[in-house]
Colleague: 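I have a structure here, written as structure tokens, and I will follow up with some questions on it.
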Amino acid sequence: MKFTSITVLALNMLAWKRAAAFTTSQSNLYGKRSFSRLAATTAEAAAAPATEEAAVVDAYEKVTMDEIVSLCKRRGFIFPSSEIYNGFAGFYDYGPLGVELKKNIKDTWWRSMVTQREDVVGLDSSIIHNPTTWKSSGHLDGFSDPMVDCKETKLRYRADQLFFSPVTLKEDGSVVGYVCVPEDNDDVMVKAAKKMAKKVLKANDKAGADIEAFSFKDLTEASEEEMGKIPSPASGKPTLTMPRDFNLMFQTSVGAATDASSVAYLRPETAQGIFINFKNAQGTSRAKVPFGIAQIGKAFRNEITPRNFIFRSREFEQMEVEYFIPPGDDVWPEFHKQWLKDSKDFLLSIGMREDLMGWDVHEGDGLAHYARACTDITFKFPFGEQELMGIAARGNFDLTQHSEGSGKSLEYYDESAKEKYLPHVIEPSLGVDRLFLALVCSAYAEDEIGGEKRNFLKFHPKVAPIKASVLPLVKNKEELVGVARELFDKLRMRWNVQWDATGAIGRRYRRADEVGTPFCITVDFDTIEKDNAVT
């Protein structure tokens with residue numbers, strides 16, 4: 001039987017195509033039959049992609065975050081952590097399909113950013129560093145979010161995630177009260193504000209009066225006088241405290257004693273582990289500037305209000321490159337531009353929908369004090385357009401801080417320029433969990449069969465948790481099942497593939513569709529009686 005070489009060839013040929021170009025029924029694999037069928041499928045996809053894509057766009061435009069969360073749990077992608085104990089806010093567990101998708105994301109990123117490049121090396125630093133690391137980096141003194149408390153309900157909020165607006169009458173421009181709503185997409189915020197405004201108008205004997213459009217600002221911009229009038233989302237009364245800083249680092253103790261000398265912190269980002277290992281990694285790899293150090297690892301932030309599922313959680317995973325370049329204001333712009341392109345190309349290569357992506361260029365107060373530039377790649381999630389990854393030109397701030405804090409020189413000797421300097425850095429930083437969520441959103445699709453609307457996923461083959469489903473047409477024909485099983489055993493030596501012999505063949509195709517399996521391989525009677533090929 002020559003299934004293996006033919007199937008491997010077909011999968012390799014198709015692995016780089018966008019999964020969205022095929023439905024499961026279109027992406028059936030054949031042996032020798034596959035090539036003519038696939039050519040026809042490609043032509044069909046090229047001739048009429050607009051209808052299918054329009055259907056996908058329409059489905060995603062209407063989907064809610066609750067539906068995405070439900071889908072992830074129901075299909076075994078993500079579960080609430082400690083669910084049998086009523087969960088634990090801000091923490092999530094990845095299920096059978098979730099761990100496969102997450103692993104594929106990380107493996108593909110590593111292959112693209114490290115293995116296939118000659119100018120990037122890898123690192124895996126510890127989660128807990130010497131506490132002085134965080135003093136030097138500025139995290140101990142400045143890594144905080146603004147927080148407000150509701151004095152009546154004792155609930156806490158991030159001040160920059162609550163938005164207030166005056167309720168202003170059109171008739172005379174007078175302000176009769178305020179509304180306060182959590183950050184969300186514009187439509188949701190306006191809808192919630194209108195509901196609150198009705199209560200404000202009624203309380204002021206102005207029910208039904210016309211009001212000006214809302215002018216939202218976050219609570220960090222509110223004056224003390226305004227804070228005395230802005231209602232808490234929890235109590236509906238002006239019971240919020242003034243904003244104050246809250247340090248986001250998780251504190252722990254190291255060693256047998258529990259005193260000031262044992263205090264340490266879980267890392268709030270992976271970048272500092274790269275900077276403190278700059279000399280070690282550069283020296284042992286004999287790398288020359290420009291070069292990068294890449295790392296994938298867990299980070300922890302004690303978020304005041306974790307929200308929007310895995311988009312903002314207290315335990316998360318990052319994929320970062322610190323790319324070291326020569327100093328000079330005329331040097332970094334080209335490197336920054338190139339990493340913007342490389343980052344977007346990577347995201348598109350794994351199935352991100354370009355129509356849902358955007359750019360956010362930080363300027364003025366939006367830039368960190370040490371940064372030369374920072375541009376975010378954004379994504380339109382169901383709760384609004386938010387940062388997916390950032391590409392920053394950080395200057396030499398971090399190496400300078402750690403050099404001064406440790407008393408050790410982190411200078412690099414440039415043999416070609418015959419000089420020592422602290423390299424500057426370009427940092428493309430991407431959250432694994434945010435990318436996971438964006439890929440699920442990009443893969444989301446719906447169809448309707450017999451009046452029943454059903455949702456399914458269309459992952460790119462590079463990241464799909466299950467690469468192929470092997471389906472014997474019937475399960476009571478020993479010879480047919482044996483051939484299918486032999487093919488399955490050979491395929492799973494390289495890929496995560498699924499065996500499914502239960503139920504009608506249409507139902508099995510549907511099950512594969514639901515979890516985003518890009519290829520189905522059916523062994524039928526023609527396989528064993530005629531052409532030794534598969535469908």
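Throughout, residue positions are numbered sequentially from 1 according to the sequence presented. Excluded from the calculations below are hydrogen atoms, water molecules and symmetry mates; all remaining heavy atoms, backbone and side chain alike, are included.
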Colleague: Would Asp66 and Thr64 count as having a side-chain donor-acceptor pair, cut-off 3.5 Å?
Modeller: no
Colleague: Pick from Arg267, His139, His402: which one makes a side-chain hydrogen bond (donor to acceptor under 3.5 Å, both in side chains) with Gln272?
Modeller: His402
Colleague: With a 3.5 Å distance limit and no angle check, can you tell me whether Ser442 reaches the backbone of Arg353 through a side-chain donor-acceptor pair?
Modeller: yes
Colleague: Measure from the side-chain N and O atoms of Asp218 to the backbone N and O of Asp160, and report whether any donor-acceptor pair falls under 3.5 Å.
Modeller: no
Colleague: Can Arg511 and Asp500 be counted as an ion pair, charged N to O under 4.0 angstrom?
Modeller: yes
Colleague: Do Tyr323 and Asp119 pair up side chain to side chain, a donor and an acceptor below 3.5 Å, judged on atom types alone?
Modeller: yes
Colleague: Test side-chain contact (heavy atoms from CB on, under 4.5 Å) on Asp376 and His362; report intermediate values, then the result.
Modeller: CA-CA 8 Å; Asp376 292 339; His362 294 222; 2.6 Å; yes
Colleague: Out of the candidates Phe214, Phe163, Phe164, only one should pair with Val179 under the side chain to side chain contact (heavy atoms under 4.5 Å, CB included) rule; please name it.
Modeller: Phe214
Colleague: Please tell me whether Gln161 and Thr305 have a donor and an acceptor in their side chains that are separated by less than 3.5 angstrom.
Modeller: yes
Colleague: For Lys191, is there an ion pair with Asp187 - N to carboxylate O distance below 4.0 angstrom?
Modeller: no
Colleague: Tell me the closest heavy-atom pair linking Thr108 and Lys462, and the distance in Å.
Modeller: OG1-O, 3.8 Å
Colleague: Between Lys344 and Glu354, does at least one N-O distance fall below 4.0 Å, as a salt bridge requires?
Modeller: yes
Colleague: Kindly state whether the ring of Phe309 and the ring of Phe311 have centres lying under 6.0 angstrom apart.
Modeller: no
Colleague: Start with the C-alpha distance between Ser262 and Thr258, add both sets of side-chain angles, then the distance that settles side chain to side chain donor-acceptor pair (under 3.5 Å), and finish with yes or no.
Modeller: CA-CA 6 Å; Ser262 70; Thr258 306; 5.1 Å; no
Colleague: State whether Arg510 and Asp447 are salt-bridged, where the test is any N-O pair (Lys NZ or Arg NE/NH1/NH2 against Asp/Glu carboxylate O) under 4.0 Å.
Modeller: yes
Colleague: Glu183 pairs by salt bridge (Lys or Arg N to Asp or Glu O under 4.0 Å) with which of Arg158, Lys217, Arg307?
Modeller: Arg307
Colleague: Hey, does the side chain of Gln318 reach the backbone of Thr270 with a donor-acceptor pair shorter than 3.5 angstrom?
Modeller: yes
Colleague: Under a 4.0 Å N-O cut-off, is there an ion pair linking Asp355 with Lys380?
Modeller: no
Colleague: Look up atom CD in Glu387 and atom CG in Leu430, then write down how far apart they are to the nearest 0.5 Å.
Modeller: 9.5 Å
Colleague: Assess the pair Phe456 and Tyr444: is the distance between their ring centroids shorter than 6.0 Å?
Modeller: no
Colleague: What's the separation between atom CD1 in Ile276 and atom CG in Asp398, rounded to the nearest 0.5 Å?
Modeller: 11.5 Å
Colleague: For His424 and Phe335, what are the C-alpha separation, side-chain angles and deciding distance, and is it a ring-ring contact (aromatic ring centres under 6.0 Å, His included)?
Modeller: CA-CA 11 Å; His424 286 215; Phe335 284 103; over 10 Å; no
Colleague: With under 30° as parallel and over 60° as perpendicular, where do the rings of Phe88 and Phe91 fit, or are they tilted in between?
Modeller: parallel
Colleague: Taking NZ, NE, NH1 and NH2 as the nitrogens, is one of them in Arg117 or Asp342 under 4.0 Å from a carboxylate oxygen of the other?
Modeller: yes
Colleague: Validate the cation-pi geometry between Lys73 and Phe79: distance from NZ or CZ to the six-membered ring centre under 6.0 Å, angle to the ring axis within 45°.
Modeller: no
Colleague: If you measure only the distance, is there a donor-acceptor pair under 3.5 Å linking the side chains of Arg111 and Thr115?
Modeller: no
Colleague: Report the C-alpha separation of Phe488 and Trp499 in whole Å, then their side-chain angles, then the decisive distance to 0.1 Å, and conclude whether the ring-ring contact (aromatic ring centres under 6.0 Å, His included) test is met.
Modeller: CA-CA 7 Å; Phe488 171 74; Trp499 172 265; 5.8 Å; yes
Colleague: How long is the straight-line distance from CD1 of Ile310 back to CZ of Phe316, given to the nearest 0.5 Å?
Modeller: 12.5 Å
Colleague: Closer than 4.0 angstrom, basic N to acidic O: yes or no for Arg301 and Glu315?
Modeller: no
Colleague: Restricting to non-hydrogen atoms, name the atom on Pro290 and the atom on Ile325 that form the minimum distance, rounded to 0.1 Å.
Modeller: CB-CG2, 4.2 Å
Colleague: Can you tell me how the ring of Phe278 sits relative to the ring of Phe324, calling it parallel under 30°, perpendicular over 60° and tilted otherwise?
Modeller: tilted
Colleague: If we ignore angles and hydrogens, is there a donor and acceptor under 3.5 Å between the side chains of Ser429 and Glu320?
Modeller: yes
